[in-house]
Amino acid sequence: MMQVCYRNTNRTTVFAAGELKKYLTLMGNNNISLCYKDQEDEQMDSITLGTFADFNLPVLSSNAATLFLDDHIIINIKNGTGFIAGSNHRSILLGVYAFLTRAGLRWIRPGSEGEIICHKNVEEISCQINENPSYRHRGLCIEGANSVDNILDLIAWLPKVGMNSYFIQFREGFTFFDRWYSHHLNETLTKTGFSVEDARHYVKMIEDEIDKRDLIYHAVGHGWTCEPFGIPGTAWEKVDESKLPQDAFQYFAEINGKRALWHGIPLDTNLCYSNPVVMETIAQDVVSYLKTHTRVDLLHLWLADGSNNQCECENCRKALPSDFYVKLLNLVDKYLSQNHIDTKIVFLIYVDLLWAPVNEHSVNPDRFIMMFAPITRSYTASFAAEKHLPPLPEYKRNRLTMPKRVEENLAFLKAWQEIFIGDSFDFDYHMMWDHYSDPGYYFNAKILYEDIKNLSKIGLNGFNSCQVQRAFFPTGLPMYVMAKTLWNTNISFDDIATEYFNASFREYGSDVLQYMKTLSNLFDPHYIRGEKSFTDPDALAKFKKIPVYIRSFEETIQKGMQYPSQPVAQSFFYLNIHAQGAILYAKFLEFAASSSVEEAKAKQTEYFNYYRKNESVIQNVFDVYEFINTIQRKKYWN
């Protein structure tokens, strides 16, 4: 018998104790009791949980404003007895999972089917860890199409692999749920009715799970350019302008002499930021929002989505959009301070706002966190501090060409860093669209690894991944790489990949790793990204090899699906579904690279329908909506 004790009754600490008991029991250790500090049986072996303060340990930082953001764990357990301490309550939970990982457990994807449980007597486990992660910001942002269970499983998974934050975009996250429940782009599934009220109910459920784990909660982002004016910003969709408040039109950006919604979409419509009413309305709405959403830790205040959609009126032309943006941020800070609200505000370097302000600067840098979002970059090359940075192009209102090369994007970041000295992180899109250009996920994961490893060298303190939530198909390698590298940049990519594949596929791990690496090479992500000619002969030669190569590996996949461990067998099941789809994809690409356009179109439809038909059995790991949406936007022929 043994006991798991907790030194404080904070909800997350108690939850962490319950998690430790649960997993130790699954490992084969029975008769484990939970107890508070006053109930400890000194005659029993115990693992005790608490904060650094509970154990009189020195804290990492004396800055109370950042203490809730920074994680630090100390674990001292010998033969199943000792303590797990965290710098905050979330860190205690992270420490529990770090201890269990050291004991041999792995979480290869969200949900119980992704738990690799080893059988081990707790008395055989000794663990000494004193670590703080390489980066402060380690989180995910909701995107794609999702059921509420997808999100709940993902949030449960995040701290198990060392992640510490979650971001719900918009006020209700409506569109990210509606895409699933209405089954956009998949007519084979039966649609269910879904409303904004349903989305709000789900957000409350998600917030509760975030709170249970004491994760850093990011919220909103786009929408501040429409919601304060009585215009819902729930999705990137056109609306009927006649049904909007007509007095709002005077505040819309004037483009080509007209004030109207940009392409009919409120979320994409910028405003007349030189108008003081616009600034005042947004700033006051931020205050109102935070008064009623007190659990939000980091509030994202962004302008409209899209680019080259800024106001062209005489007054707006007098300054850059970023000057008006910083002016708005300072006004928000003023009102929040007056209301004694200390929530931090995340501001966005993105599209038109890549051009740094000339006249304005932040008056209270401690209020703000800068977020670098290089959405137009290519993922062929990674961040590197030693890259030669080109001169910045002139700002030409609504006639901008957005940067694609990494060096160009970093030049914009450097310009902002010269005027803002404060906390910052990367907001990037490796697993939003680019992973569909790499069906093996190997090169995508490698670029992601290199980018994260280099963040500190380019002056950023972490990463929030704007991405589909169902991103574990055919494997979860990029997700695992992301989490492990954000915690420790000293781990090599090969070590992370080996650990992941050995956990997921056991003795077949090295074979499957080589298989996925080869698929990444044969599918030629450069071609799929559109960085090569439509009829590139080298790409065509590779595509022709893919079906033969996949069939040569089918025997291994079939053996793996019979594996006695269900999570491992499930990993091979996903590999099998992927293999058949990859053959269809290869034939589609072969036709495209051969200029057989009609055959390519027909094969692409067959490819999409294959995944539509199979979505019910891969729903928790693969986002069919975003996959089809991404692939069908690419150009494979003139």
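Residue numbers run from 1 in the order of the sequence given.
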Notebook entry, point to check: Can any side-chain N or O of Y436 pair as donor or acceptor with the backbone N or O of I628 at less than 3.5 Å?
Noted result: no

Notebook entry, point to check: For the residue pair H300 and F167, is the inter-centroid distance of their aromatic rings smaller than 6.0 Å?
Noted result: yes

Margin query: Do T13 and H89 pair up side chain to side chain, a donor and an acceptor below 3.5 Å, judged on atom types alone?
Written below: yes

Item checked: Check: N186/E615 side-chain N/O donor and acceptor closer than 3.5 Å -> yes

Next item on the list: Please work out whether the ring planes of Y429 and F427 are parallel, tilted or perpendicular, with thresholds of 30° and 60°.
Entry: perpendicular

Checklist line | Sub-6.0 Å ring centroid separation between F622 and F627 | finding: yes

Notebook entry, point to check: Quick one: does N132's side chain have a donor or acceptor within less than 3.5 Å of a partner on D71's backbone?
Noted result: no

Margin query: For the residue pair N488 / E131, report whether a side-chain donor-acceptor contact shorter than 3.5 Å exists.
Written below: no

Item checked: Short side-chain donor-acceptor distance under 3.5 Å, D178 and S182 -> yes

Check: Would you find a donor on one side and an acceptor on the other, under 3.5 Å apart, between the side chain of T51 and the backbone of N88?
Finding: no

Next item on the list: Please determine, by modelled atom types, if D285 and S288 share a side-chain donor-acceptor pair under 3.5 angstrom.
Entry: no

Notebook entry, point to check: Is it true that Y166 and H218 have ring centroids separated by less than 6.0 Å?
Noted result: no

Check: With ring centroids as reference points, do W224 and F170 lie under 6.0 angstrom apart?
Finding: no

Next item on the list: Kindly say whether G233 contributes a backbone atom to a donor-acceptor pair with the side chain of E227 at under 3.5 angstrom?
Entry: yes

Notebook entry, point to check: Near K613 NZ, under 6.0 Å, is it more than 12 heavy atoms from other residues, nucleotides or ligands?
Noted result: no

Notebook entry, point to check: Does any donor atom in the side chain of Q169 or E143 lie under 3.5 Å from an acceptor atom in the other side chain?
Noted result: yes

Check: Going by the angle between their ring planes, with limits at 30° and 60°, are F177 and F194 parallel, tilted or perpendicular?
Finding: tilted

Next item on the list: With sequence neighbours left out, write down each residue that passes side-chain contact (heavy atoms from CB on, under 4.5 Å) with D305, or none if nothing qualifies.
Entry: H222, W236, D268, Y350

Notebook entry, point to check: Would you say the side-chain atoms of N164 and H137 include a donor-acceptor pair closer than 3.5 Å?
Noted result: no

Notebook entry, point to check: Does R612 use its side chain to pair, donor to acceptor, with the backbone of L185 at less than 3.5 Å?
Noted result: yes

Notebook entry, point to check: Hey, does the side chain of Y289 reach the backbone of R171 with a donor-acceptor pair shorter than 3.5 angstrom?
Noted result: no

Next item on the list: Please find out if less than 6.0 Å separates the ring center of Y441 from that of H430.
Entry: no

Checklist line | Y500: partners by ring pair (Phe, Tyr, Trp, His ring centres under 6.0 Å), with sequence neighbours left out | finding: Y480

Check: Do F55 and F83 have their ring centres less than 6.0 Å from each other?
Finding: yes

Check: Looking only at side chains, do E115 and Y23 share a donor and an acceptor under 3.5 Å apart?
Finding: yes

Next item on the list: Verify the distance criterion only: is there a donor paired with an acceptor across the side chains of D149 and S147 at less than 3.5 Å?
Entry: no

Checklist line | D428-Q467 side chain donor-acceptor pair, cut-off 3.5 Å | finding: no

Next item on the list: Would you please name every residue forming a salt bridge (charged side-chain N to carboxylate O under 4.0 Å, His left out) with E237, sequence neighbours left out?
Entry: none

Margin query: Would you say S337 and R367 are linked by a side-chain donor-acceptor pair, where the criterion is simply a distance under 3.5 Å?
Written below: yes

Notebook entry, point to check: With a 6.0 Å cut-off on ring centres, are W302 and F347 close enough?
Noted result: no

Note to self: Pairing donors with acceptors under 3.5 angstrom, does anything connect the side chains of Y574 and N620?
What the structure shows: yes

